[in-house]
*Asks:* 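What follows is a structure written as C-alpha cells; I'll ask about it next.
All values derive from a computational prediction rather than experimental measurement. Counting from 1, the numbers follow the sequence of the chain as shown. The figures here come from the full heavy-atom set of this structure, side chains too, leaving out hydrogens, waters and symmetry mates.
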Amino acid sequence: QEVLTESGGGLVQTGGSLRLSCSASGRTFRRAKMAWFRQAPGQEREFVAGINWIGNSILYADSVKDRFTVSRDYAENTLDLQMSSLKPEDTAVYYCAASLINADVVDLAVGAYSRWGQGTQVTVSS
C-alpha cells in the first residue's frame with residue numbers, strides 16, 4: 001500500500017529553523033502533485049506549500065512565503081519543507097499530501113488531495 005510518512009518535526013525557538021521530510025512509498029507518487037498542510041488546535045487544516053508532479057509549479061501560502069521552501073527529490077521519492085524564521089503562529093501538526101488527479105496543477109484545497117500522512121508536530125516557542 002502506498003504510504004506517506006512525515007519526519008523532522010520538533011520544538012524550536014522563535015527565529016529558528018526546521019526541515020520536514022515526507023517519504024513516499026510506491027512509484028506512483030513520482031507522478032503526483034504533493035503539498036504540505038498544517039493544522040493548529042481548534043483550527044481548520046490549511047495549505048502551506050505545494051509542488052506539481054513535474055516540479056515546475058510551486059505555490060506558497062502568503063503566511064510562509066519567503067520563509068519556507070518546498071522541494072522534491074524524485075530519486076529518493078521525498079518531499080521536503082525547509083522552514084526558517086519560525087514564528088509561534090507556525091505551531092501546528094504538519095501533514096504531507098499527494099494526489100494523482102490534475103497533477104500538473106497545485107491545489108490549495110484539502111479536498112484536492114487523496115493521500116495523507118499521519119502528521120508531524122512542529123512547536124515554536126516564544
Side-chain angles (χ1 to χ4, degrees):
Q1 185 175 357
E2 297 166 342
V3 176
L4 298 174
T5 305
E6 303 95 337
S7 62
L11 174 64
V12 65
Q13 292 184 332
T14 297
S17 299
L18 277 176
R19 188 177 185 89
L20 305 183
S21 186
C22 172
S23 177
S25 67
R27 291 175 176 268
T28 57
F29 283 119
R30 290 183 172 87
R31 302 194 305 274
K33 63 186 175 189
M34 300 188 74
W36 287 97
F37 286 76
R38 66 187 182 187
Q39 187 167 18
Q43 298 186 20
E44 294 186 352
R45 192 168 298 189
E46 64 175 4
F47 175 85
V48 175
I51 184 168
N52 67 350
W53 78 275
I54 299 174
N56 63 358
S57 179
I58 295 175
L59 291 180
Y60 295 97
D62 288 342
S63 59
V64 307
K65 203 171 293 183
D66 299 326
R67 298 189 298 122
F68 291 9
T69 302
V70 65
S71 61
R72 64 190 301 175
D73 185 323
Y74 294 93
E76 297 295 326
N77 217 9
T78 58
L79 178 76
D80 290 345
L81 184 68
Q82 178 66 46
M83 306 184 295
S84 60
S85 301
L86 284 162
K87 306 174 182 180
E89 49 264 45
D90 294 318
T91 295
V93 177
Y94 284 69
Y95 296 91
C96 175
S99 175
L100 292 170
I101 306 298
N102 295 327
D104 57 336
V105 177
V106 180
D107 273 296
L108 280 67
V110 170
Y113 297 86
S114 55
R115 294 286 189 182
W116 293 85
Q118 293 299 306
T120 185
Q121 176 71 45
V122 171
T123 302
V124 184
S125 63
S126 57

*Asks:* With side chains defined as the heavy atoms from C-beta onward, is the minimum distance between Ser17 and Val12 less than 4.5 Å?
*Replies:* no
*Asks:* Going from CG on Asp90 to CG on Leu18, what distance comes out if it is rounded to the nearest 0.5 angstrom?
*Replies:* 10.0 Å
*Asks:* Can you tell me which residue pairs pass the salt bridge (Lys or Arg N to Asp or Glu O under 4.0 Å) test with a partner in residues 117-126, sequence neighbours excluded?
*Replies:* none
*Asks:* Once side chain to side chain contact (heavy atoms under 4.5 Å, CB included) is applied, do any residues pair with Thr123, and if so which ones, sequence neighbours excluded?
*Replies:* Leu11, Thr91, Gln121
*Asks:* According to salt bridge (Lys or Arg N to Asp or Glu O under 4.0 Å), does anything in residues 3-25 pair up with another residue at least two apart or in another chain? List the pairs.
*Replies:* Arg19-Asp80
*Asks:* What salt bridge (Lys or Arg N to Asp or Glu O under 4.0 Å) pairs are there with at least one residue in residues 40-58, not counting sequence neighbours?
*Replies:* Arg38-Glu46
*Asks:* Which pairs pass disulfide bond (SG atoms under 2.5 Å apart) with one or both residues in residues 35-65, sequence neighbours excluded?
*Replies:* none
*Asks:* In Å, rounded to the nearest 0.5 Å, how long is the span from CG of Leu79 to OG of Ser71?
*Replies:* 7.0 Å
*Asks:* Which heavy-atom pair separates Ala112 from Asp107 by the least distance, and what is that distance?
*Replies:* CB-CB, 3.4 Å
*Asks:* Identify the heavy atoms of Tyr60 and Thr69 that sit nearest to each other, and give their distance.
*Replies:* OH-CA, 3.3 Å
*Asks:* Any side-chain to backbone donor/acceptor pair from Asn102 onto Val105? Under 3.5 Å, distance only.
*Replies:* no
*Asks:* Cluster partners of Leu59, using ILVMFWY side-chain heavy atoms under 4.5 angstrom, listed by chain and number?
*Replies:* Phe37, Phe47, Val93, Tyr95, Val106, Leu108, Val110, Tyr113, Trp116
*Asks:* Enumerate, atom names and distances included, each donor-acceptor pair closer than 3.5 Å involving a side-chain atom of residues 48-57, sequence neighbours excluded.
*Replies:*
{"unit_1": "Asn52", "atom_1": "OD1", "unit_2": "Gly55", "atom_2": "N", "d": "2.8"}
{"unit_1": "Asn52", "atom_1": "OD1", "unit_2": "Asn56", "atom_2": "N", "d": "3.0"}
{"unit_1": "Asn52", "atom_1": "OD1", "unit_2": "Ser57", "atom_2": "N", "d": "3.2"}
{"unit_1": "Asn52", "atom_1": "ND2", "unit_2": "Asn56", "atom_2": "OD1", "d": "2.7"}
{"unit_1": "Asn52", "atom_1": "ND2", "unit_2": "Asp104", "atom_2": "O", "d": "3.2"}

*Asks:* I'd like to check Val122 versus Met83 (side-chain heavy atoms, cut-off strictly below 4.5 Å). Are they in contact?
*Replies:* yes
*Asks:* So, using side chain to side chain contact (heavy atoms under 4.5 Å, CB included) as the criterion, who are the partners of Ser85 when residues are at least two apart?
*Replies:* Arg67
*Asks:* Within this structure, what is the CG-CZ distance for the pair Asn77 and Arg30, rounded to the nearest 0.5 Å?
*Replies:* 4.0 Å
*Asks:* Output all residues satisfying side chain to side chain contact (heavy atoms under 4.5 Å, CB included) with Thr5, sequence neighbours left out; order by chain, then residue number.
*Replies:* Val3
*Asks:* Scan residues 45-74 for pairs that pass disulfide bond (SG atoms under 2.5 Å apart), counting only residues two or more places apart or in two chains.
*Replies:* none
*Asks:* Once you round to the nearest 0.5 Å, how far does CG of Leu20 lie from OG1 of Thr78?
*Replies:* 12.5 Å
*Asks:* Test of understanding: with ring-ring contact (aromatic ring centres under 6.0 Å, His included), list the residues that count as partners of Tyr94, not counting sequence neighbours.
*Replies:* none
*Asks:* Is a salt bridge present between Lys65 and Asp62, judged by a nitrogen-to-oxygen distance below 4.0 Å?
*Replies:* yes
*Asks:* Using the test side chain to side chain contact (heavy atoms under 4.5 Å, CB included), find all partners of Ala98 that sit at least two apart in sequence or belong to another chain.
*Replies:* Leu4, Phe29, Ala32, Met34, Arg115
